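A quick write-up on the structure given underneath.
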Amino acid sequence: MIWLGIDTSNVPLSVAVVQDGQLLVEWTSATKIAHSIGAMPAVEEALKRANIKPSEIEAIAVSEGPGSYTGVRIGVTIAKTLAWTLKIPIVGVSSLQILAGNASLFNGLICPIMDARRQNVFSAVYTNELEPVLQDGHYALDAILEKLSTSEEDILFVGKDVAIHWEAIQHVLGERAKRASLHLDMPRASVVIEQAMTKQLPSIEETHHFVPDYKRITEAETNWLAEQKQVGKVND
Amino acid sequence: MSKDQIILGIETSCDETAASIVRNGREIISNVVASQIESHKRFGGVVPEIASRHHVEQVTLVIEEALEQANMQPGDLDAVAVTEGPGLVGALLIGINAAKAFAFANSLPLVGVHHIAGHIYANQLVEPMQFPLLALVVSGGHTEIVLMREHGSFELIGETRDDAAGEAYDKVARVLKLPYPGGPHIDRLAHESVEAIAFPRIWLEEGSYDFSFSGLKSSVINYMHNAEQRGEVIIPGAVAAGFQASVVEVLTAKTLRAAKEFKVKQVIAAGGVSANKGLRKSLEDTFEREGLPFTVPPLFLCTDNAAMIAAAGSVMFERGHRSTMAMNGKPGMTLFDWN
Ligand SMILES: [Zn+2]
C-alpha cells in the first residue's frame, strides 16, 4: 500500500511517501516559504524521489488542523483534490496528535503546543500511548498549565512554539516540565501516515465532505453571536 | 481538421466557488457556480475567512459537477486555467491549490489567469472580439477602462482613484438600509422611482478617464443626514435613482469619450456591475446612437464565474503561457500583456 502524507498546518511543511509500512521519502522544513508556493513542488519532488507516479498512490493522510487557518486549508485542499481525482481515500489526523506522536516514547504526559496569539494556544494533553487526557482545542495557556499542575507526572512539551511560552511553562511546572529536542518539535508527514494507518479507511464518496478541523469559529461569527445575545437581552 | 481545445476553468477569488469547461475558448460546455451570498448576508459583506472555509467545502464538488455536466473525464482536458489574482488571498489559494493538485494528478498543463482578463474575455463566449476594443470593467472591486489593441494586450486608460463602483453601490445601499448585496436593490429602486435627488457628477480634471466615487457616496450620506435633521421624509427610491444616475452618466460618458479617442471597433462592458439594468441600458442606447458595436455578456457571465477564466486561459494557453506547481495567489495582481 502506497501512502502520501502532507502536513502544512503551521509554519513547517512536511511531505512523506510510505510504501508497505516503510518510509521511502520524507521532506520536512520550516522556512518562511509560503505553503502555497512550497507544498505542491514538495509533493511532486517526494514522489519523483520515491519513483512513484501520482496514479500509484493508494491513500492520502493529511493534517486536518488545528493551526494556521490558511496553512491547514492548503494541505487539506491539495490532499482532498488529489484524493478525489485519484479516487483514493483521504484520512485526516489531528495536527496536535501528530506532534504528540513524535514523542510517544516519553515516560510521562505529552503536551503539544501551537501558539494562537494573545496567550492562547492550540493544545492537548496525551498519554504516551496517544490517549487524550485533555482534548484538542483552543485554550488559554494558563488553563492548560493549571490543569497540568495537578498531575504528578513529568510533562514533555512538543512543538516549535514551545519556545514562545517556555518561561511561563517552567514558572508554573518547574522541573516536571521537559522540552522536546529539535527534531521532535517538527510535525512529520511520516507520523501523519503512521497514525492514519491505524484508522478505518473512509469510502471515497466521503472525500467531498472532508474539511479542516479549525477548533474555532471565525471572529466574524463570534462577534455576530455576541451581538445577537445583546439584542436578545434588550428584547427580554 | 485540428482537434478541439478543451479547458477546465476554476475561480475562487471572492465568494463564488466556480468551475467550467469551455471548448475552443468560445463555447461553454458546462458552467457551475456555488454562491456563498447567503452565508455572508448576515455580516453585510463578504467575510474573507468564511469565504475561504466555504471554498474548501465546495471546490471538489464544483469541479466534479463541471466534468459530469460536460460528460467528460480529466483525460479529455487540454489544460486547467485558474484565477491567480487579484482577489481575497485566502480564497484565491483554494482554487489555485485545487487546480495545481488536479493538474498534477492528471498530468495537465496549468495556466494562471488574471481575474479582470477573465471578465473581459467573458465576451468571447458571446461574440468574437474586434480590435481595437475598449472594455469598461465594473465590479465590487474594480472600475477600469481598458484598451485592447489585440488579444492579450491590455492598456489601462482609466481607473478609480478610491472606491470601485460596486463598492459605492454597497455603501449607499447600507445607508439606505437595503439588504446585502445592495447593488441590485438600488438598481430596482432607481428603476421604479419617478423622482431623483440631484447628486453631483465627479468628472475629475479635464481629459481624465479616471473615476472617483467616494465623493458621491459622501454626498448621499450628507443628504440623508441633513434631511433627517430637518425632519424631512427620505424617499429611498429618489436617493437610489439620483445616485445611480450620477454613476451611470459618468461611466457612460467616459467610456464613450475613450471609445472615440481610440477609434475602437467594439466596446464591451464586463464585471458584476455590468449586470446593472440602468448601466446596461445607458451604454446600449449611447453606443447604438453612435453606431458603435457594443456587447455586454448575459447576466450569468457578468458576475464571477469560471467560464470566463477558461475563455481567457484558452488564449493564454495557445500563446504558450504555463504556470508551475509553485504558483502563488496574487491578491494585488495587475493586468499584464500576454505577449
Ligand atoms: Zn469579478
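Residue numbers start from 1 in every chain, and the chains themselves are labelled A, B, ... in the order their sequence lines are given, proteins ahead of strands. The structure displayed is predicted, hence computed values, not measured ones. Note: hydrogens, waters and symmetry copies are ignored here, and every other heavy atom, side chains too, is used.
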*Does the side chain of B/Phe104 come within less than 4.5 Å of A/Leu82's, by heavy atoms?*
yes
*Do any of residues 40-48 of chain B have a heavy atom less than 4.5 Å from a heavy atom of chain A, and if so, which, in residue order?*
B/Arg42, B/Phe43, B/Val47
*In terms of heavy-atom proximity below 4.5 Å to chain B, should A/Leu47 be classed as side chain, backbone, both, or neither?*
side chain
*If you round to the nearest 0.5 Å, how far is NE2 of A/His35 from CG of B/Asn328?*
12.0 Å
_Interatomic distance, B/Leu110 atom CG to A/Met40 atom CE [nearest 0.5 angstrom]_ = 9.5 Å
*Among A/Thr70, A/Asn223, A/Val211, A/Ile74, which has the most heavy-atom pairs under 4.5 Å with chain B?*
A/Ile74
*For the student: nearest non-hydrogen atoms of A/Thr77 and B/Ala98, plus distance*: CG2-N, 3.6 Å
_Check this for me: A/Glu219, atom CD, are more than 12 non-hydrogen atoms of other residues, nucleotides or ligands nearer than 6.0 Å?_
no
*asked:* For the CD atom on A/Gln119, are there more than 12 heavy atoms of other groups (residues, nucleotides or ligands in this structure) within a distance under 6.0 Å?
replied: no
*Charged N to carboxylate O below 4.0 Å: is that the case for B/Glu49 and A/Arg73?*
yes
*asked:* Need one label for A/Thr218: side chain, backbone, both or neither, based on atoms under 4.5 Å from any heavy atom in chain B.
replied: both
*Would you check if there is a donor-acceptor pair between the side chains of A/Thr85 and B/Asn106 at a distance under 3.5 Å?*
yes
*Has A/Lys48 got more than 12 heavy atoms of other residues, nucleotides or ligands less than 6.0 Å from its NZ?*
no
_I'd like to verify something: which residue of A/Thr207, A/Ile78, A/Val43 has the highest number of heavy-atom pairs under 4.5 Å with chain B?_
A/Ile78
_Structural part of B/Ile94 lying under 4.5 Å from a heavy atom of chain A_ = both
*With the side chain counted from C-beta on, respond yes when A/Ser36 and B/Asn97 share a heavy-atom pair under 4.5 Å apart, and no when they do not.*
yes
*Within a radius of less than 6.0 Å around CG of A/Leu23, do more than 12 heavy atoms belonging to other residues, nucleotides or ligands occur?*
yes
*Please say whether more than 12 non-hydrogen atoms of neighbouring residues, nucleotides or ligands are located less than 6.0 Å from CZ in A/Arg49.*
no
*Shortest non-hydrogen contact from B/Val56 to A/Lys80?*
O-NZ, 2.5 Å
_Using a 4.5 angstrom heavy-atom cutoff, name the option from B/Met327, B/His55, B/Glu64 with the most pairs to chain A._
B/Glu64
*So which of B/Met325, B/Gln58, B/Arg53 has the biggest tally of heavy-atom pairs under 4.5 Å with chain A?*
B/Arg53
_Taking atom CH2 as the centre, does B/Trp338 end up with more than 12 heavy-atom neighbours from other residues, nucleotides or ligands that are less than 6.0 angstrom away?_
yes
*Drop me the distance from B/Leu61's CG to A/Trp84's CH2, to the nearest 0.5 angstrom.*
9.5 Å
*asked:* Quick check on the interface: out of B/Pro74, B/Ala105, B/Ala99, B/Gly329, who has the most heavy-atom pairs with chain A under 4.5 Å?
replied: B/Ala105
_Portion of B/Ile63 that has a non-hydrogen atom of chain A nearer than 4.5 angstrom_ = both
_Please classify the contact between A/Glu221 and chain B as side chain, backbone, both or neither, with a heavy-atom cut-off of under 4.5 Å._
both
